[in-house]
Amino acid sequence: MKFTHKTINKKKLISHTFPLFSISQMEFSFSNDLQALPKYSISVLLLLAYARFSSAHLRPGLNRLVGLLPILSVLPLLPFLFSTIHFRVVSAFFLTWLSLFKLLLLCFDLPPLNSSLPLLRFISLCTLPIKPINNEKGTNPSTNSFNSLFSAAIKLGLLSFILSLYRNKHQLNYYVLFSLYCIHMYLAVDLVLYITAIFSRLLLRTELEPQFNKPYLSTSLRDLWGRRWNLMVSDILRPTVYNPVRARYGTSAGILATFAMSGLMHEIMFYYITFEKATGEVSSFFLLHGVCTALEGWYARHKNWPVPPKPVRTVLTIGFFAGTGYWLFFPPVLRNGSVDVVIEENFALLELMEEVFRKVVSFILPVSV
């Protein structure tokens, strides 16, 4: 199933979005990506097997870092095997961000990786956005699984509803359309991580920490970024950036350095989406949030200063997140029409799933469907 986007005249605006969006020539095929998946998987397995066994024979520090440099150089190239944005950006997040940072920690003998881990567990922990937990609190895994499955079903239904609204997006108010983009982004990332967690639980036979914790209930930027949004990224940035900088220069410097690194990595992630050089807008989004998060911490240290009620804080936090996202985060992917490519890929994926479902049903039941 193949779709091609033709370049359009810049005078033809995409209705109710940011002005002067032109769609660059892009072509994608889920069938081609499925064919590229074995090559991608074998490459990752071989590279990380080398990383596992070589790190066991190299002393932590500069020796191990030099020994792993070939791996660190090749991993960011593998996502370019894929033509669809979905496959490319998910694999880039797994390899170019998470795997590279985890391998850098391994170079200095820091968790979560360890050269003594079994190969399968080493590769899983390196490539996937997962964090195993010990069930020491006596929680019931079956109850948690049911709750997460129910939540995922609701989110999938909501995402399907949003996709149906996109069919008439030219009739939507652009603020409504932008709100749909924000919700779409959250639901898509959350569902990808949920599916990854299901696969990882089956593979590793262990319970995993959730990667999102109801970010729409955040009462502050510190609460949003530190305890609710994409927690695997927080777990990676904390030992690699925040802790070292904080130990030397203080908490505020650690926060700013962490958000600066997050902005840099998001610029790289956006390159995998748009194939265009960074504009600095995404970095500015994260630097702004870093400054405001540091100011929040400074304000919170004054115990006698007034604090708004929790509902007000939630509205202010989500409003600031959405407003700055409208201003700085989304324009790079809206400007060249990448969001429209993502939407069309979603439609193509749904059609592909329907086609597979029809073939499975027709194979099981000897009737025409």
Side-chain angles (χ1 to χ4, degrees), residues 65 69 72-73 75-76 79 89 92-108 110-112 129 131 182 185-186 189 211-212 215 218 220-301 316-335:
L65 177 61
L69 272 180
L72 301 176
S73 303
L75 284 177
V89 76
F93 174 59
F94 288 3
L95 296 185
T96 307
W97 192 335
L98 297 183
S99 291
L100 255 63
F101 275 62
K102 291 176 183 178
L103 289 172
L104 286 172
L105 288 171
L106 174 66
C107 290
F108 301 95
L110 297 173
K131 184 178 181 180
C182 291
M185 178 187 70
Y186 161 62
V189 174
Q211 293 308 310
F212 279 90
S218 301
S220 67
L221 292 176
R222 292 180 300 156
D223 186 33
L224 172 68
W225 294 115
R227 294 183 287 271
R228 293 185 180 274
W229 183 271
N230 205 352
L231 299 178
M232 188 71 250
V233 169
S234 299
D235 288 338
I236 286 297
L237 290 176
R238 192 172 291 114
T240 54
V241 181
Y242 176 75
N243 289 342
V245 175
R246 176 178 177 269
R248 188 162 186 175
Y249 300 105
T251 300
S252 296
I255 292 173
L256 293 176
T258 302
F259 276 89
M261 179 59 71
S262 182
L264 173 62
M265 294 310 299
H266 276 85
E267 295 279 13
I268 295 172
M269 294 300 104
F270 273 42
Y271 178 77
Y272 286 100
I273 297 174
T274 65
F275 291 136
E276 294 184 356
K277 62 182 180 181
T279 62
E281 291 163 297
V282 178
S283 293
S284 299
F285 171 85
F286 283 96
L287 284 173
L288 176 61
H289 277 250
V291 170
C292 293
T293 300
L295 290 174
E296 263 190 6
W298 170 79
Y299 190 94
R301 288 194 290 272
L316 290 174
T317 301
I318 301 305
F320 182 78
F321 178 78
T324 52
Y326 174 87
W327 174 32
L328 295 169
F329 187 84
F330 278 96
V333 293
L334 288 167
R335 189 176 295 118

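Start at 1 with the first residue, then count along the sequence.
In this structure a side-chain-to-backbone donor-acceptor pair under 3.5 Å is missing from Glu296 to Ser220. Distance alone, capped at 3.5 Å, is enough to place a donor-acceptor pair between the Ser99 side chain and the Phe94 backbone.
With a 4.5 Å cut-off on side-chain heavy atoms, Phe330 and Cys182 count as touching. Using a 4.5 Å cut-off on side-chain heavy atoms (C-beta onward), Asp223 and Thr317 make no contact. Annotation: side chain of Ile236 is not in contact with side chain of Val241 (no heavy-atom distance under 4.5 Å). Taking 4.5 Å as the limit, some side-chain heavy atom of Leu237 sits within range of a side-chain heavy atom of Phe101.
Atom CZ of Phe285 sits about 5.0 Å away from atom CZ of Phe321, to the nearest 0.5 Å. Taken to the nearest 0.5 Å, the OG1 atom of Thr293 stands 9.0 Å off from the CG atom of Leu288. In this structure, CZ in Phe320 is found 10.5 Å from CG in Leu224, a value given to the nearest 0.5 Å. With rounding to the nearest 0.5 angstrom, the CE atom of Met269 is 5.0 Å from the OG1 atom of Thr96. In this structure, CG on Leu110 lies 10.0 Å from OG1 on Thr240, to the nearest 0.5 angstrom. A distance of 5.5 Å separates CG of Leu75 from CG of Leu95, quoted to the nearest 0.5 Å.
If you look at Phe270 and Phe329, their ring centroids are closer than 6.0 Å.
The list of side chain to side chain donor-acceptor pair (under 3.5 Å) pairs with a residue in residues 279-290, not counting sequence neighbours, reads Trp225-His289, Glu267-Ser283, Thr279-Glu281, Glu281-Arg335, His289-Thr324.
Within a 6.0 Å radius of OH in Tyr299, other residues, nucleotides and ligands contribute more than 12 heavy atoms.
In terms of heavy-atom proximity, Arg238 sits nearest to Gly226 at NH2-O, 3.9 Å. Nearest approach of Pro331 to Gly325, heavy atoms of both residues: CD-O, 3.9 Å. In this structure, Leu105 and Pro111 approach most closely via the heavy-atom pair CD1-O, 3.4 Å. When every heavy atom of Pro332 is checked against every heavy atom of Thr274, the shortest pair comes out as O-CG2, 3.8 Å. When all heavy atoms of Pro239 and Asn243 are compared, the closest pair comes out as CA-ND2, 3.8 Å. The two residues Pro76 and Leu100 make their nearest non-hydrogen contact at CG-CD2, 3.9 Å.
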Under 3.5 Å, which donor-acceptor pairs link side chains of residues 251-258 to any protein atom two or more places apart or in another chain?
{"from": "Thr251", "atom 1": "OG1", "to": "Arg246", "atom 2": "NE", "distance (Å)": "3.4"}
{"from": "Thr258", "atom 1": "OG1", "to": "Gly254", "atom 2": "O", "distance (Å)": "2.7"}

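Using bins of under 30°, 30° to 60° and over 60° for the plane-to-plane angle, the ring pair Phe93/Trp97 lands in the perpendicular bin. By the 30° and 60° cut-offs, the orientation of the rings of Tyr186 relative to Phe212 is perpendicular.
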